[in-house]
Colleague: 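Supplied in structure tokens, the structure appears directly below.
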Amino acid sequence: MDRDTATADAQAADTRTGKAPPADVLRRIPRTDVVLSDPRLTEAARSLGRALVKSAVVRALERARSGEIPPESVADDAAGSLPPTAGGLRPVVNATGVLLHTNLGRAPLSPAAREAVDAACGPTDVELDLATGARSRRGASALDALREAVPHAEAAHVVNNGAAALVLAATALAAGKEIVVSRGEMVEIGDGFRLPDLLVSTGARLREVGTTNRTRAEDYAAAIGPDTGFVLKVHPSNFRITGFTRSASVAELARLCPPGVPVVADIGSGLLRPEPVLPDEPDASGWLRAGASLVTASGDKLLGGPQCGLLLGRAGLVRRLTRHPLARALRVDKLTLAALEATVRGPATPVRAMLHADPGDLRARADRLAAELRGADVDARAVDSEAAVGGGGAPGVTLPSAAVALPEEYAGPLRLGEPAVLGRVEGGRCLVDLRTVPPERDADVAEAVRRAAKTAANDRGEG
């Protein structure tokens, strides 16, 4: 046995027993500055920063000192552990079958929106008129795009999310006054936040009318008085009540409200126009046409854009909102405005593509992917499945889909792999639902599954 082999065997034994490597091995561990001079790490420091790269080197040196890796592998180990970017967020392939997955950031941006964000990273004319050199309306082109997309809106404003849109409306229009709202529309949104608490925090008082399952127009009419700031209509987008129910429409509310009492309507999901796939989901154009004075919505749901809150409606009301001091605290940055405008003006979004994916095409993709994986000795089969809109939109609506069913034990390795693939566990299998996977990522998913299979085999001691 030669010396190098003996040393490697000794190191492996030390790693198994938890003992430190022998002194001659420790002496061969390079200094930090020597490792940092490796060309790969020098180049990485330019894009990731020296501090991040040095941390990777320090971790690799610690592994060498504990006997986990040989001294000669320190630079390789450090280079291999570096993240692709200086940010901590990891890209994930959404294979859950939930189109707007809140934990994954909801709507994926379109290529047009990504290009617009990239173009807006440097100095831009976000609040400047280049023709005159004078200050201009902030995000004017994005606001114009919204108005063009929703002709019934006289004006538009954008804040940082959907909840902020309602908060600004309540603060500017109803602080110290009453908001008349149905008991059946007092929803809880995400992470335990409740709409009543949100509205009361603005200084408004809630005047709840009707019951959980039935509220008539007359209930609103009886509650409207001198202290009414506005009447609120909320689309319960994350739940559905069926059976003995009744609710007042926007048109009914608009007819009964006296002058000076606006109807504020929260559609939630962010549809600007009707969506044939989701006929029961309200849209901004429809509710404004029906008589709403102001419509609020989220930009990162069915609209398919960045996280933001949209306010669309009468010019006078929108002007009151934009001039309120809170509007400054809730405003969005130039990157959001750029992505929003490109989403509204640009080609179909990934969300729309997922909504309109053909079930037959999805099944054909699942068949091909499962066959390819079985050829690599992976337990995979194509199955029919059901996808959901998610993100608090279209509750109860299912979309026919297709998935590749894998052993349940693959779920963890898939999440931790590169790329990270998030499926869903159902019926003792890990389902990779293809309605939420872009077709161009099928090859990446296949490779991720093959790696997950190897990891699972190693965990079982079969590697």
Side-chain angles (χ1 to χ4, degrees), residues 90-110 190 237-238 269 275 277-278 281 300-302 304 348-376 378-453 455-456:
R90 283 190 63 193
V92 176
V93 176
N94 177 11
T96 63
V98 179
L99 278 60
L100 302 170
H101 199 300
T102 298
N103 302 133
L104 298 180
R106 292 183 179 160
L109 293 181
S110 66
S237 56
N238 59 1
S269 68
E275 170 52 67
V277 176
L278 306 171
E281 198 72 13
D300 58 345
K301 296 183 181 179
L302 289 172
T349 64
V351 171
R352 182 171 175 78
M354 288 187 282
L355 271 177
H356 290 266
D358 180 80
D361 292 341
L362 295 174
R363 181 62 196 230
R365 287 172 57 198
D367 287 336
R368 287 194 298 270
L369 190 53
E372 178 185 343
L373 291 170
R374 286 195 300 272
V378 175
D379 176 10
R381 64 176 184 269
V383 297
D384 293 329
S385 66
E386 291 184 341
V389 173
V397 175
T398 57
L399 303 168
S401 187
V404 176
L406 304 165
E408 183 176 352
E409 62 181 332
Y410 287 15
L414 280 172
R415 289 196 308 272
L416 298 175
E418 185 58 48
V421 176
L422 182 66
R424 72 178 189 270
V425 174
E426 186 176 289
R429 301 284 284 183
C430 175
L431 299 187
V432 175
D433 196 307
L434 297 182
R435 185 174 277 273
T436 51
V437 177
E440 63 270 18
R441 299 303 303 271
D442 284 0
D444 295 329
V445 169
E447 181 57 31
V449 171
R450 284 191 287 266
R451 285 197 291 266
T455 299

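A quick note: this is a predicted structure, and the numbers were derived from the prediction, not measured. Positions are given from 1, in the same order as the sequence printed here.
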Colleague: Heavy atoms only: give me the nearest V383-R363 pair and the separation to one decimal.
Modeller: C-NH1, 3.6 Å
Colleague: Hey, could you give me the CG/CZ distance between L369 and R374, rounded to the nearest 0.5 Å?
Modeller: 10.0 Å
Colleague: Restricting to non-hydrogen atoms, name the atom on A95 and the atom on V421 that form the minimum distance, rounded to 0.1 Å.
Modeller: CB-CG1, 4.1 Å
Colleague: Pairs under 3.5 angstrom only: tabulate donor-acceptor contacts from the side chains of residues 429-436 to other protein residues two or more places apart or in another chain.
Modeller:
| unit_1 | atom_1 | unit_2 | atom_2 | d |
| --- | --- | --- | --- | --- |
| R429 | NE | L406 | O | 3.4 |
| R429 | NH1 | D379 | OD2 | 3.1 |
| R429 | NH2 | D379 | OD1 | 3.4 |
| R429 | NH2 | A405 | O | 3.0 |
| D433 | OD1 | S401 | OG | 2.5 |
| D433 | OD1 | R435 | N | 3.1 |
| D433 | OD2 | S385 | OG | 2.8 |
| D433 | OD2 | R424 | NH1 | 3.0 |
| R435 | NE | P400 | O | 3.3 |
| R435 | NH1 | M354 | O | 2.6 |
| R435 | NH1 | L355 | O | 3.2 |
| R435 | NH2 | A357 | O | 3.3 |
| R435 | NH2 | P400 | O | 2.6 |
| T436 | OG1 | N94 | O | 2.8 |
| T436 | OG1 | G97 | N | 3.1 |
| T436 | OG1 | D433 | O | 3.4 |

Colleague: With R365, which residues qualify under salt bridge (Lys or Arg N to Asp or Glu O under 4.0 Å), at least two apart?
Modeller: D442
Colleague: Quick check for you: to the nearest 0.5 Å, what is the distance between T102 atom OG1 and L104 atom CG?
Modeller: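 Those atoms lie 9.0 Å apart.
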Colleague: Show every salt bridge (charged side-chain N to carboxylate O under 4.0 Å, His left out) that has at least one partner inside residues 397-408, sequence neighbours left out.
Modeller: none
Colleague: Check whether any side-chain heavy atom of V93 lies under 4.5 Å from a side-chain heavy atom of D444, and answer yes or no.
Modeller: no
Colleague: Locate the shortest heavy-atom distance separating A366 from A403; write the atom from each residue and the value.
Modeller: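 Heavy atoms of A366 and A403 come nearest at CB-O, 3.8 Å.
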Colleague: To the closest 0.5 Å, what do you measure between CG (L399) and CG (L99)?
Modeller: 6.0 Å
Colleague: Would you say the side chain of L422 lies within less than 4.5 Å of the side chain of H101, judging by non-hydrogen atoms?
Modeller: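 Answer yes - side chains close enough.
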Colleague: Minimum heavy-atom separation for T96 and G423, please, with both atom names.
Modeller: CG2-O, 3.8 Å
Colleague: Suppose we screen for salt bridge (Lys or Arg N to Asp or Glu O under 4.0 Å). Which residues come up paired with E447, at least two apart in sequence or across chains?
Modeller: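 Partners of E447 under the salt bridge (Lys or Arg N to Asp or Glu O under 4.0 Å) test: R450, R451.
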Colleague: Closest heavy-atom contact between A420 and P91?
Modeller: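 Here A420 and P91 meet closest at CB-O, 3.9 Å.
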Colleague: Rounded to the nearest 0.5 Å, what's the gap from CD on E409 to CG on L414? Could you check?
Modeller: 10.5 Å
Colleague: What are the two closest heavy atoms between A453 and V378, and how far apart are they?
Modeller: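 That would be CB-CG2, 4.0 Å.
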Colleague: Suppose the criterion is salt bridge (charged side-chain N to carboxylate O under 4.0 Å, His left out): which pairs have a residue in residues 351-362, not counting sequence neighbours?
Modeller: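 Passing the test, one end in residues 351-362: E275-R352.
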Colleague: According to the salt bridge (charged side-chain N to carboxylate O under 4.0 Å, His left out) rule, which pairs have a member within residues 386-401, sequence neighbours left out?
Modeller: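 Residue pairs with at least one partner in residues 386-401: there are none.
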